[in-house]
Each structure stands twice: as structure tokens, then as C-alpha cells.
Amino acid sequence: MKIVDARVIVCSPGRNFVTLKLITEDRVYGLGDATLNGREMSVASYLNDHIIPLLIGRDARRIEDTWQYLYKGAYWRRGPVTMAAISAVDTALWDIKGKSVNTPVYQLLGGASREAVMVYGHANGADIDETASAVARYVQLGYKAVRAQSGIPGLASTYGVGRGQLHYEPAEKGLPPENVWSSEYYLNFVPDLFKRLRSEFGPQLHLLHDVHHRLTPIQAARLGKSLEPYSLFWMEDPVPAELQESFRLIRQHTTTPLAVGEVFNSIFDCETLIREQLIDYIRTTVVHAGGISHLRKIANFAEVFHVLTGSHGATDLSPVCMAAALHFDLSVHNFGIQEYMRHTEETDRVFPHSYYFEDGMMHPGDRPGLGVDLDEDLAKQYPYERAYLPVNRKMDGTMHSW
Ligand code: GCO
Ligand code: MG
């Protein structure tokens, strides 16, 4: 079952997406997401210039061997660009494998370990009242878990506070917008937000919060401690996680569960975090951490140490990644939760899919393969437009993590 053709489709139906399509001699094709928000064209080039020539003529059934060939064969290992490209190939090969044996991918991954996958949505508002109303809307839609972010008094704009009610899209056309940040204002404010939400929504609703890599370890420890009375499902990315050991300090101070990993590319980025049980949820994704094959290795390793999965699922992960994530989530034993930011209607039209949301849970559907397609003619109507995520500066102008 040789790969005879491959192409990279870059389109922008509301936001930019990079998709790899692999086609076999039997005319079976598979799709893989290769989107790297704000750096899309680097992965498109990596695939077109360096990977596709290696794939033509290869046996599409040899998923693991192809992964190892691309990872070990490049000599230059890891990194977001390389790993997004490998992820796209791996995902497309799983899609092909499923279609060629006429079965949904989760059946090839050991079958369903649960009936459906619990997801969390994003509630945000300019202030506590608006955020509380946004949480109420998600509860009405059936969500059992909601992430809450709010504007902070004294700061003109804040991470996670978007435009509109269901869609939050941080990337913007043109040059990167600049935000202003104060960890002091933030730390003084966030406990009030969760005090209000817990008293308004009762003990059952899962409440999550994303710190977006902005605190120092001791500040993160303080925040975790101050949120303990409100029993969060998790506190996400409290510090930049380049230094995995910094979580030892946070862990010693708080019982608020910790989630990390959306910017990680491989098991080596989270090995200490998992082995020392410094986190509760690992958030690595199909698109950025080596595809379904490598994500399964991370999950299997995490299972041994009682760490659950909680994959990233923002809008910059295309419907192809969301479909792959749901097959992974449904099958892997130590699944925790899946992030689900709804795509816009134009994105959904370009990527028709079988996955569906019902009563706070999602299911990948039972179509063979991943159950997601790409309408290439429609995609042509949405050409790539350069866009960037914002950058962040402290009030005195010092660059800070966004
Ligand atoms: C999340 C994330 C996103 C990222 C985005 C960057 O938890 O959903 O932090 O909102 O900022 O994916 O491209
Ligand atoms: Mg996040």
C-alpha cells in the first residue's frame, strides 16, 4: 500500500490551518493537522521541502517505522516545527489505516474505554459578572466542566478574554498586538472570581483556570493555595515549564491539581513532571507532540504514575486534530478531560466531520478512519493570511510570557 502522492493545504477559514493529505496507490487518503499558530509556513515548508520526498513510495501501513524514520532520520530531533510535521504524517497514516480496514481509528487503539469523552468549554468576560453569565450559558448547553477567565481590574486586556460568546481567537492579522501584565493585580483578583463561581454554581460543576505560563513558582504556589477552598478541577500552566523541576516547589505548597503540556513536543519535555508526580494532567496534543503514536506513549507512561490526560483543544488545533484527539481520548485508559473550543461555522464547513457534542460529552463518531474530511475547493476560497499571537509586557515595559 504505497504512498503515491502528498500535498500540504494551507487555508484560512476564519484562522490559519495547515493540513497534510497523503494518498495511496489504492486511492485511499488520510489527513493530518500540522498547524503551528503564528508560525504556520515553517511547518508547510518542512513538509513540502524535506518530508514529502521521503514519503513517496513508502508503505503507508508502516506507521511506527515511518515515525522512527522521520524522528531519528532527521538527526536534528524534537522542536515544534519538526514534531508538528511528524505528527501530521502519523495522524494521516492512522486515518489511512482505519479507512483501509473500514473501521474507526479508536477501534485500532484498543477500542472504547468509555462511552464518550468529557470536554470543557471556555467561559470568559470583561469582569466577574460577565464571566459568571458566560459560565451559566455553558451549563445550559450541558457542559459538566468550564474554564473561567476574566478581565482584571487595572489591566486593559487579559489572556482568555475574547470577543463573542462561544468563540475565542487570540491570533490576529498584522503584527503582534501588545498586552500589559501585572502578576500582582492578577493574584489579588483571581480568588474572588472563583469564590463567586463556586457559590453560584455549587460543588458539582468542574471549574478550570489557565494561568498561561505567567507566574514564578512561589507566586503559583500562593495562587494554588488561595484557590483551594473553591476545589478547582485544575490550575493550568502556572509557570513556564521549561524548568520541570520548578513544579517541585509548587507541589509542596498546594493541593490544587496541576495541568501542563500544551507547548510540549515530546515525552522528554514532561518526563520529570510525570515520573515525580508533580502534575495531575498532561496536556500534550496529537498535533504538537508527535501524533497519535507518540501521544499514546506519553499517556501510557503517565498511567504508571497516576497522571491523567487533558489534551489541549484550542481553535488553532484544526478539526483534523480534534477528531484524532477524540479517538485517542475514547481509547486511552487514563483519560481525564478534553479541551473543546468550538470552531467557527466556516471552519466546520471546510472540515466536515463525524464527531459530535452531546450533553457535555463528545464522541468521534463511527466513520472509518478519523471521520474528518477537507473540502479542498472550498479551502481555496480562504487563502493564508499572516497572523500572530499577542506578546506581553509588564507595566514597566519588560517582556513577559504571553
Ligand atoms: C488553551 C491555550 C490556548 C493557547 C493557544 C495558542 O489552554 O486553550 O492556552 O488558548 O493560547 O492555543 O496558540
Ligand atoms: Mg492553555
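Numbering of ligands and ligand atoms starts at 1, following listing order. Residue numbers start at 1 and run along the sequence shown. Nothing here was measured: the structure is a model prediction, and the numbers come from that model.
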Check: Relative to the ring of Tyr120, is the ring of Trp234 parallel (under 30°), tilted (30 to 60°) or perpendicular (over 60°)?
Finding: perpendicular

Note to self: Over 60° means perpendicular and under 30° means parallel, so tell me whether Phe194 and His209 are parallel, tilted or perpendicular.
What the structure shows: perpendicular

Margin query: Distance to the ring centre below 6.0 angstrom and angle to the axis at most 45 degrees; does that hold for Arg77 and Phe268?
Written below: no

Check: Among all residues two or more places apart in sequence or in another chain, which pass the side chain to side chain contact (heavy atoms under 4.5 Å, CB included) test with Val180?
Finding: Met395

Margin query: Can you confirm whether Trp402 sits close enough to Pro176 that some side-chain heavy atom of one is under 4.5 Å from a side-chain heavy atom of the other?
Written below: no

Margin query: Taking non-hydrogen atoms within less than 4.0 Å of ligand 1, which protein residues qualify?
Written below: Asn37, His122, Arg147, Tyr159, Asp210, His212, Glu236, Glu262, Arg283, His312, Ala314, Asp316, Glu339, Leu389, Trp402

Checklist line | Count, waters excluded, of protein N, O or S atoms under 2.8 Å from the Mg ion (ligand 2) | finding: 3

Checklist line | All pairs passing side chain to side chain donor-acceptor pair (under 3.5 Å) where residues 3-20 contributes a residue, at least two apart | finding: Arg7-Glu376, Ser12-Asn16, Arg15-Asn37, Arg15-Glu169

Check: Are His353 and Tyr355 an aromatic pair by the rule of ring centers under 6.0 Å?
Finding: yes

Item checked: Close aromatic pair by centroid cut-off 6.0 Å: Phe351 and Phe17 -> yes

Next item on the list: Please check if the side chain of His312 supplies one atom and the backbone of Val286 the other of a donor-acceptor pair under 3.5 Å.
Entry: no

